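Contents: one structure, followed by commentary.
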Amino acid sequence: MIRAVKGTRDILPPSSEVWNRVEDASRRVFRTYNYREIRTPILEQTALFARGVGQETDIVSKEMYTFEDRDGSSLTLRPEATASVMRAYIEHRLDQQPGIQKLYYIGPMFRRERPQKGRYRQFFQIGAEAIGGESPAVDAEVIEMVIEILKAAGLEDFHLLLNSVGDPNCRPAYMAALKERLKDAAPRMCGDCQRRADTNPLRVLDCKVSADQPVIEALPSILDYLCGECRAHFDRVCAYLTGRGVPFEVKPRLVRGLDYYRRTTFEIVHGSLGAQNSVLGGGRYDGLAQALDAKIQAPGIGFSIGEDRLVMSVGEEGTLAVDLFVAPIGEAAFRHASLLAMELRRLGVSVELPPEGKLKRLLELANKLGARQTLILGDDEIQSGNYTLREMASGSQRTVTRDELISIWKKA
RNA sequence: GUGCCCAUAGCUCAGCUGGUAGAGCGCUGGAUUGUGGUUCCAGUGGCCGUGGGUUCAAAUCCCACUGGGCACCCCA
């Protein structure tokens, strides 16, 4: 049997209904913040991610779906979308457009990781980028918006974590201080941390081993090393959020894996997700355009929601219910019903019109499909012009004319 | 990429220390010529994930592979 490839999956109804609700809610909120959709290719030149995301990151070094095209060029299935959006921004000179470019996307991404809960090889992200502005006001609006999206999607009990990772002026000093302290501290920590102290010192801050927590608490905080500009930026982001009533927790140990992050970083966590408790991550990436060799300035901030995780967290069941089930008894009734169904569908009613059959069969099917109402159409009804409309929940029936039926749905 | 656990009907699972498969639900039909949901009856269902090994005999024991779950690495 041919099956879906490892780490990919089919999203079937009724679960696909939940996905649609989440996406519809997102689009509504994006629209109210004047974000417009951008659709970029799923395939990009490998160099885009190697430069944009960072050659040394795990994503690029071991988790990308990369292959050689027939002409020998190297292509990659996008592992994230920010680099693509920035590429499009540069390629189409969107810096020449008025104001800040506010763009959103919804679509599949690919990473060749070992699958686990909330982590797939083809996964979906809902994300947005605001490019062309450095003001902390933009950061605050982006963060406020993403929270509105999560609420609109039906997520509850989530928690916003906020930090600044500085910029090339101040981060090196912090990194040096951190490494210095780790020389003493690391030997008292877990095996992973001893290794990370060399390979990826920032990761030590994220260690979950409880015995290490006191040591981590004592490590230097990046917030104490921010330069004046980064400090001012961070303070204003916090002030704006507080002013808007957006609750957040400053978490100096919130680190980011991607090279292009500058200053603001944030994350939203939700308890239902096990080890993959992060439902969304984002931050400012003023250095990205430069990393892509662009000649233009393109400071930006964005986020991306792990849609698979969001859907899992809202935990709702989809429904298969149909508004009206039409039960035609006999061929003549079916022909009559098909015209009626077309008219109702044009009014926006969801109508199920099965092939003609025995009434018992048809009602059974209507019940299984969760139909709210069933219209019974046989020779009697066609001749008299009085249709039988059955309320499935109660079983009560009444007689309606064709015009009455149409007007019921016109009003609704 | 690493570690641990798992794989029997469409779904959820039973099948003790080896003797070649069961239940519930679902699905189909009937009791009911044009009246569903409840009930009753009957039927449909499985190369026991794949390949190899041990054995007179393997769903059951061993190995490998594939897929899944959880955690690690890392990350959304």
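Just so it is clear, the model here is predicted, and its values are computed rather than measured. Here is the naming used below: chain letters follow the sequence lines, and residue numbers restart at 1 for every chain.
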Checklist entry - Which part of the nucleic acid does A:Phe303 contact within heavy-atom distance under 4.0 Å: base, sugar-phosphate only, or nothing? => result nothing
Checklist outcome for this item: note: A:Arg121, atom CZ; B:G67, atom P; distance rounded to Å ~ 8 Å
Next on the checklist: I'd like the C1' distance from B:G3 over to B:C74, given in whole Å.
Outcome noted: 16 Å
Checklist entry - When all nucleic acid strands are considered with a 4.0 Å heavy-atom cut-off, which category describes A:Gly395: base, sugar-phosphate, or nothing? => result base
Next on the checklist: I'd like the P distance from B:C27 over to B:C65, given in whole Å.
Outcome noted: 40 Å
Checklist entry - What interatomic distance, in whole Å, is found between P of B:U17 and the corresponding atom of B:C62? => result 11 Å
Checklist entry - Which whole number of Å gives the distance between the P atom of B:C13 and that of B:U20? => result 26 Å
Item to check | Pair A:Glu17-A:Arg21, salt bridge (Lys or Arg N to Asp or Glu O under 4.0 Å): steps then yes or no | outcome: CA-CA 6 Å; A:Glu17 290 294 313; A:Arg21 279 206 295 276; 5.3 Å; no
Next on the checklist: With nearest nucleotide decided by heavy atoms, which residue, A:Arg114 or A:Leu359, maps closer to the 5′ end of RNA chain B?
Outcome noted: A:Arg114
Next on the checklist: By the 4.0 Å heavy-atom rule, please label A:Leu280 as base, sugar-phosphate, or nothing.
Outcome noted: sugar-phosphate
Next on the checklist: Roughly how many Å apart are B:A7 and B:C47, using the C1' atom of each and rounding to a whole number?
Outcome noted: 16 Å
Checklist entry - Which atom pair, heavy atoms only, marks the closest approach of A:Ile382 to A:Ala333? => result CD1-CA, 3.4 Å
Checklist entry - With sugar-phosphate meaning primed atoms plus P, OP1 and OP2, does A:Glu113 contact a base, only sugar-phosphate, or nothing at under 4.0 Å between heavy atoms? => result base
Checklist entry - Hey, does A:Gly7 reach any base, or is it just sugar-phosphate, or nothing, if we go heavy atoms under 4.0 Å? => result sugar-phosphate
Checklist entry - Taking CD1 from A:Ile143 and C1' from B:A76, how many angstroms apart are they, rounded to a whole number? => result 16 Å
Checklist entry - Whole Å only: how far is the CG atom of A:Asp10 from the P atom of B:C11? => result 13 Å
Next on the checklist: Under 3.5 Å, is there any donor-acceptor pair linking the side chain of A:Arg111 to the base of B:A76?
Outcome noted: yes
Item to check | B:A59 to B:U8 separation - C1' atoms, rounded to the nearest Å | outcome: 7 Å
Item to check | Given B:U35, B:G36, B:A76, the nucleotide with the shortest approach to the side chain of A:Asn367 | outcome: B:G36
Item to check | Stretch residues 16-35 of chain A: residues that reach within less than 4.0 Å of RNA chain B through a heavy atom | outcome: none
Item to check | Atom pair distance, as rounded to whole Å: CD in A:Glu63 and C1' in B:A76 | outcome: 12 Å
Next on the checklist: In whole Å, I'd like the distance from the CG atom of A:Leu161 to the P atom of B:A76.
Outcome noted: 13 Å
Checklist entry - Is any side-chain N or O of A:Gln116 under 3.5 Å from a base N or O of B:G68, one able to act as donor and the other as acceptor? => result no
Next on the checklist: Under 4.0 Å, counting only non-hydrogen atoms across every strand here, what does A:Met392 touch: a base, just sugar-phosphate, or nothing?
Outcome noted: base
Next on the checklist: Would you measure the distance from the C1' atom in B:C4 across to the matching atom in B:C56 and give it in whole Å?
Outcome noted: 37 Å
Below 3.5 Å between N/O atoms, which protein atoms pair up with nucleotides 25-29 of chain B? Just atom names and distances, please.
unit_1	atom_1	unit_2	atom_2	d
B:U28	OP2	A:Lys368	NZ	3.3

Checklist entry - Contact class for A:Leu362 (heavy atom, under 4.0 Å): base, sugar-phosphate, or nothing? => result nothing
Checklist entry - Given A:Leu162, which of A:Thr264, A:Leu254, A:Thr265 fulfils the side-chain contact (heavy atoms from CB on, under 4.5 Å) condition? => result A:Thr264
Checklist entry - Atom CG of A:Leu150 and atom P of B:A76: how far apart are they, to the nearest Å? => result 15 Å
Next on the checklist: Test of understanding: with ring pair (Phe, Tyr, Trp, His ring centres under 6.0 Å), list the residues that count as partners of A:Tyr174, not counting sequence neighbours.
Outcome noted: A:Tyr225
Next on the checklist: With a 4.0 Å cutoff (strictly under), does any side-chain N or O of A:Lys117 reach OP1 or OP2 of B:G69?
Outcome noted: no
Checklist entry - side chain to side chain donor-acceptor pair (under 3.5 Å) with A:Glu129: which of A:Tyr104, A:Tyr285, A:Tyr35? => result A:Tyr285
Checklist entry - So what's the dot-bracket for RNA chain B: Watson-Crick or G-U pairs under 3.5 Å, [ ] if a pair crosses, | if it pairs off-strand? => result (((((((..((((.....[..)))).(((((.......))))).....(((((..]....))))))))))))....
Checklist entry - Parallel under 30°, tilted from 30 to 60°, perpendicular over 60°: which one fits the rings of A:Phe30 and A:Phe303? => result parallel
Checklist outcome for this item: In terms of heavy-atom contacts, A:Gly52 and A:Leu288 come closest through O-CD1, 3.5 Å
Next on the checklist: Could you check whether A:Lys251 pairs with A:Glu267 (Lys NZ or Arg NE/NH1/NH2 to Asp/Glu carboxylate O, under 4.0 Å)?
Outcome noted: no
Item to check | Test item: A:Asp308 side-chain N/O and A:Phe124 main-chain N/O as donor-acceptor pair under 3.5 Å | outcome: yes
Checklist entry - Base, sugar-phosphate, or nothing: which does A:Gln397 touch, judged by heavy atoms less than 4.0 Å apart? => result base
Item to check | No-H, no-angle donor-acceptor pair, A:Arg119 side chain to B:C74 base, under 3.5 Å | outcome: yes
Item to check | N/O donor-acceptor pair under 3.5 Å between A:Thr46 side chain and A:Ser74 backbone | outcome: yes
Next on the checklist: According to side-chain contact (heavy atoms from CB on, under 4.5 Å), who are the partners of A:Val29, at least two apart in sequence or on a separate chain?
Outcome noted: A:Thr32, A:Tyr33, A:Met145, A:Glu148, A:Ile149, A:Ala152
Checklist entry - Which atom pair, heavy atoms only, marks the closest approach of A:His336 to A:Leu377? => result CD2-CD1, 4.2 Å
Checklist entry - Contact class for A:Glu381 vs. all strands (heavy atom < 4.0 Å): base, sugar-phosphate, or nothing? => result base
Checklist entry - Are A:Ile296 and A:Tyr89 close enough, and set up right, to give a side chain to side chain contact (heavy atoms under 4.5 Å, CB included), and what steps lead you there? => result CA-CA 10 Å; A:Ile296 59 177; A:Tyr89 180 93; 4.1 Å; yes
Item to check | Pair A:Asp24 + A:Arg28: basic N to acidic O under 4.0 Å | outcome: no
Item to check | Under 3.5 Å donor-acceptor pair, A:Arg3 side-chain atoms to B:G67 base atoms | outcome: no
Next on the checklist: I'd like the C1' distance from B:G69 over to B:G49, given in whole Å.
Outcome noted: 15 Å
Checklist entry - What pairs with A:Glu91 under salt bridge (charged side-chain N to carboxylate O under 4.0 Å, His left out), at least two apart in sequence or on another chain? => result A:Arg87
Checklist outcome for this item: Ranking A:Gly282 and A:Thr388 by the position along RNA chain B of their nearest nucleotide, the one closer to 5' is A:Thr388
Checklist entry - Base, sugar-phosphate, or nothing: which does A:Ala393 touch, judged by heavy atoms less than 4.0 Å apart? => result base
Checklist entry - How close or far is atom P of B:A76 from atom CD of A:Glu129, stated in whole angstroms? => result 12 Å
